[in-house]
> 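Please see the structure below; I have some questions.
One-based numbering, in listed order, for ligands and for the atoms of each.
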Amino acid sequence: MTAATKPILTGGCQCGAIRFAVSALPVRVSICHCRMCQKASGAPFASFADIDHESFTWTRGKPAAFRSSSIAERDFCRDCGTPSASAASTARGSRS
Ligand SMILES: [Zn+2]
Ligand SMILES: [Zn+2]
């Protein structure tokens with residue numbers, strides 16, 4: 001994403017240390033009921049919006065990361081703990 005690209009969505013963590021901008025609509029929106037998502041969110045399920053890497057940028061701060069399993073890494077604000085992003089290390093094309 002270049003600086004000239006107008007974001008269609010911005011967001012951030014609870015304390016404001018981490019901010020992000022998205023320049024394209026999500027490729028997919030989903031929820032996950034797996035045990036690790038339940039623990040990470042403290043809820044029955046977690047919701048996700050898949051964004052292409054080139055359409056996403058951190059605009060303030062950088063999140064810390066926790067590797068919750070062999071296939072997933074979960075980003076969060078190190079100051080307030082807000083979950084911010086999740087990356088699967090498996091091929092993103094292999095969606096079921
Ligand atoms: Zn924060
Ligand atoms: Zn999950």
> Using a 3.5 Å distance criterion without hydrogens, assess whether the side chain of Ser69 forms a donor-acceptor pair with backbone atoms of Ile71.
yes
> Working to 10°, measure the angle at the Zn ion (ligand 1) formed by atom SG of Cys77 and atom SG of Cys15.
110°
> Describe, in one word, how the ring planes of His33 and Phe45 are oriented to each other, choosing from parallel (under 30°), tilted (30 to 60°) and perpendicular (over 60°).
tilted
> Does Cys13 form a side-chain contact (heavy atoms from CB on, under 4.5 Å) with Cys80? I'd like the steps, not just the answer.
CA-CA 7 Å; Cys13 68; Cys80 69; 3.8 Å; yes
> How long is the straight-line distance from OG of Ser68 back to CZ of Arg35, given to the nearest 0.5 Å?
13.5 Å
> Between SG of Cys37 and SG of Cys32, what angle is found at the Zn ion (ligand 2), rounded to 10 degrees?
120°
> Counting backbone and side-chain atoms alike, does His33 have an N/O/S atom under 2.8 Å from the Zn ion (ligand 2)?
no
